[in-house]
2 protein chains.
Amino acid sequence: MVVIPFQQGTNAERSRHRNRQAVLGQVRAAGTMGRAEIARALSLTTQTVSNIIAELVADGMLVEKGRLSGGRGLPAIQYGLNPKGGYALGIEVRPDAVFAALLDMQGKPVSMERVALQGTRPDSVLAEVSGLYARALRQVSVAKDRMLGAGIVMPGPFGVTGISGMGSDLVGWQEVDAEHLFAEAVGLPVVLSNDANAGAMAERVNGVAQGIHSFAYLYFGAGLGLGMVHEGQLIGGAFGNAGEIGHVPVPGGKLEDALSRLSVQRHMAAAGKEVTGIDMLDQLFLQKDRDLMAWLESASTALGHALAIVENMFDPQTVILGGAMPDAVLDHLVTHAPLPQVSVSNRPEVLHPRLMRGASGRMTATLGAAALVLNRALTAPLSYAN
Amino acid sequence: MVVIPFQQGTNAERSRHRNRQAVLGQVRAAGTMGRAEIARALSLTTQTVSNIIAELVADGMLVEKGRLSGGRGLPAIQYGLNPKGGYALGIEVRPDAVFAALLDMQGKPVSMERVALQGTRPDSVLAEVSGLYARALRQVSVAKDRMLGAGIVMPGPFGVTGISGMGSDLVGWQEVDAEHLFAEAVGLPVVLSNDANAGAMAERVNGVAQGIHSFAYLYFGAGLGLGMVHEGQLIGGAFGNAGEIGHVPVPGGKLEDALSRLSVQRHMAAAGKEVTGIDMLDQLFLQKDRDLMAWLESASTALGHALAIVENMFDPQTVILGGAMPDAVLDHLVTHAPLPQVSVSNRPEVLHPRLMRGASGRMTATLGAAALVLNRALTAPLSYAN
DNA sequence: CGATTAACTCAAATCATTTGAATATTCAAT
DNA sequence: ATTGAATATTCAAATGATTTGAGTTAATCG
């Protein structure tokens, strides 16, 4: 494992980098902003912001958006992100296929591709990934130096042997430094994470969590995952495996026994119906299939438990539900899950609904992989002064 | 509510502050260090570290500790924290009393006092607090400008009405800005938190979590609380109420039904034994009281559930158990709790035991209140460069 | 004993932000 | 319609903090 320095000092160069990040992030969050406005938001002087903006405009990251006359005084020149100023690559590795997406700085996907995998051995996966990356660049004609980085999503958990038989661990990836390998394959800085974390970032960058800095994201993968975002940053845990909420015991068993894709499939199989894909679930839901509705009943209860756990432990602004389920099913769960009474989130006045459905659809994890990069590039973490 | 800026830019002054923090933190963690060593650890130049150290020595925060000859070359001058260089005030407000502790920069308590409360109205509490603070300063003859800040611990949760009947909410504090009031009363920067968070910091600053950057702390208060430390910083949640793990549903009911001080008291009362204090529990445990042992049996099971939740959701380096329980009882729980099989923490090789007993004893929360301040003063959060 | 290694210091250079002065534009009051 | 206050921006000089480079000191290795 790479030794992560626990503390780092800073200098002029790092300060500049941080301030650039902050300016970009601020502009992205607001759409368009003027120099003075940005300066106030970041506790910088207008001159500093002015210098940075000049640089960012020269680099093609920002573009002028005309003057906005509103209040008194000289109308501020508005600046907005230049979507073509930077791109992020998102890669999702599944046991049977690799997905790639290229997102512009705005968070909009500009290319997508899927390649089937023969095996999951590192060599072949890496070769496919380089190919996907090269094709994406060519297809959209993006210069390599416009790339901000690559986000990789793989089935976790990473580096643990205690949980086996999950069937999700990729063969051949146990003993390798995946992050390093991918970084070499694409020649970019790499962020490696799991599907739930990526999904959370997808919602933050482009979905319903825009402008929300602390939230939790419940993700239907094969099992059930959780992404936690605190002050704009993911909480990954000491070993990168935080959020494995599926394994958590609740009344009635493990959470993912009642609330996961495997759980529906098992339930429906017991009723003699083999569920092969998401579309089929969608069909069954439309038909109000009795067995599916029965499963939803118990799943809603389980979701209530999950909420009680997540809300009380993490106290987020909201909880978002997403992943490999039809939107209609997610919506049903969102409206039918019992919101726990005994919860710190049970407030008299609320700014956000306690539970929402995610907006990223089925490609959540792939888009989220790229969103991991965007979030890192556009967010300067808070530091505490005295 | 105070609007917390989500991002902030930085400048020369803030950089310096941050670097000072980082140097102090590094020295504290290592005991003694030389300039070049610190520079390497923080990715700064030796010259920068030299300048900062000169300043810190002049300010009385660091002291020279002689030369250490080990390898080749000029032996480095070692520097260590000057315990008297700074002090942190810790205040714990309980429904019936206020506790105050003064910690030096090393984390060692230099004064402690308890004052009984008539009522918990803000005026009277604040008056007692100012008094305690003034007496502590006089008693240890600490100059006011040596104070780094004050940490306040109060029963939470803060600003929630959904959970009532907990009996822990302080009367008269619902509608006031406690942080501001305390800051005015003592004339210091204030950190406000709950007992579990404070306890976690106590362990980090002076207990078994020294050198551990990501861990979780289970705290026996009236109920059961959880403090989560991630990369050296507390995770407070969006509204400051993260860690209310007691309310979480597990097989058999809410977690704190089986695992809390109230739970033992109820259990023992049902057996006709009124438990009035910790000492009495200690006695009963020594005598291997049958009813207490029965409670411990079920409490251990519950603790196993708690571990499964905390480990899988947060993936910490370790979980620490502490709070208002006799050490012997905590030890019993630590040894008897079933370590969950299905957990991301169930690793083949471990650096830290998965479950440990805290070392701060009964004054955990008060000491922790001050530790909150020390941690903030000595830890520069990581930022991510590209 | 000389070569090498490493820590430290001084002075000058560099980088980035801040300060101060000047200008442009709009709103609001007279 | 005119004037004054408020706000946004820019330019040039000043400031604050880190970095660079040369030089000194001290210990170990061969």
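Just so we're on the same page: letters track the sequence lines, and every chain starts at 1.
- Between B:Arg14 and the phosphate of C:dT17, there is no side-chain N or O to OP1/OP2 separation shorter than 4.0 Å.
- Residues passing the side-chain contact (heavy atoms from CB on, under 4.5 Å) test with B:Ala150 are B:Leu89, B:Val186, B:Leu188, B:Val190, sequence neighbours excluded.
- Atom CG in A:Leu42 sits roughly 11 Å away from atom P in C:dT18 (whole-Å rounding).
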Provide a list of protein-nucleic acid N or O atom pairs under 3.5 angstrom, restricted to nucleotides 23-25 of chain C.
from   : atom 1 : to      : atom 2 : distance (Å)
C:dT25 : O2     : A:Leu74 : N      : 2.9

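- Two end axes, each from the C1' atoms of five base pairs, can be drawn for the helix from C:dC1-D:dG30 to C:dT30-D:dA1; they diverge by 10°, to 10 degrees.
- Contacts of A:Asn11 classified as side-chain contact (heavy atoms from CB on, under 4.5 Å), with partners at least two apart in sequence or in another chain: A:Glu13, A:Arg14.
- Under the side-chain contact (heavy atoms from CB on, under 4.5 Å) criterion, A:Leu378 pairs with A:Leu24, A:Arg28, sequence neighbours left out.
- D:dT18 atom P lies 14 Å from atom CD of A:Gln8, rounded to whole Å.
- Judged as a ring-ring contact (aromatic ring centres under 6.0 Å, His included), and not counting sequence neighbours, the contacts of A:Phe182 are A:Trp173.
- The list of side-chain hydrogen bond (donor to acceptor under 3.5 Å, both in side chains) pairs with a residue in residues 32-41 of chain A, not counting sequence neighbours, reads A:Thr32-A:Gln78, A:Arg35-A:Ser50, A:Arg35-A:Tyr79.
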Atom pairs under 3.5 Å, N or O on each side, protein against nucleotides 10-16 of chain C: can you list them with distances?
from   : atom 1 : to      : atom 2 : distance (Å)
C:dC10 : N4     : B:Gln47 : OE1    : 2.6

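- A distance of 12.5 Å separates CZ of A:Arg146 from OG of A:Ser141, quoted to the nearest 0.5 Å.
- Pairs of residues two or more places apart, or lying in two chains, that qualify as salt bridge (charged side-chain N to carboxylate O under 4.0 Å, His left out) and include a residue from residues 59-86 of chain B are B:Arg20-B:Asp59.
- Residues satisfying the side chain to side chain donor-acceptor pair (under 3.5 Å) criterion with B:Ser15, sequence neighbours excluded, are A:Ser15.
- Spacing between atom CG of B:Leu44 and atom C1' of C:dA7 amounts to 16 Å, rounded to whole angstrom units.
- In this entry the distance linking CD1 of A:Ile38 with C1' of C:dT17 reads 16 Å, nearest Å.
- Atom CD in B:Glu64 sits about 13 Å away from atom C1' in C:dA7, given to the nearest Å.
- Without hydrogens or angle criteria, A:Gln7 side chain to B:Ala22 main chain gives a donor-acceptor distance under 3.5 Å.
- Using a 4.0 Å heavy-atom distance criterion, B:Arg40 is classed as a sugar-phosphate-only contact.
- One atom, CD1 of B:Ile53, and another, P of D:dA17, lie 17 Å apart when rounded to the nearest Å.
- For B:Ala29, the side-chain contact (heavy atoms from CB on, under 4.5 Å) test picks out no residue, with sequence neighbours left out.
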Side-chain atoms of residues 202-209 of chain A: list all donor-acceptor pairs with protein atoms under 3.5 Å, sequence neighbours left out, distances to 0.1 Å.
from     : atom 1 : to       : atom 2 : distance (Å)
A:Glu203 : OE1    : A:Val208 : N      : 3.0
A:Glu203 : OE1    : A:Ala359 : N      : 3.1
A:Glu203 : OE2    : A:Ala359 : N      : 2.9
A:Glu203 : OE2    : A:Ser360 : N      : 3.1
A:Glu203 : OE2    : A:Ser360 : OG     : 2.9
A:Arg204 : NE     : A:Asn375 : OD1    : 2.9
A:Arg204 : NH1    : A:Ile212 : O      : 3.1
A:Arg204 : NH1    : A:His213 : ND1    : 3.4
A:Asn206 : ND2    : A:Gly107 : O      : 2.4

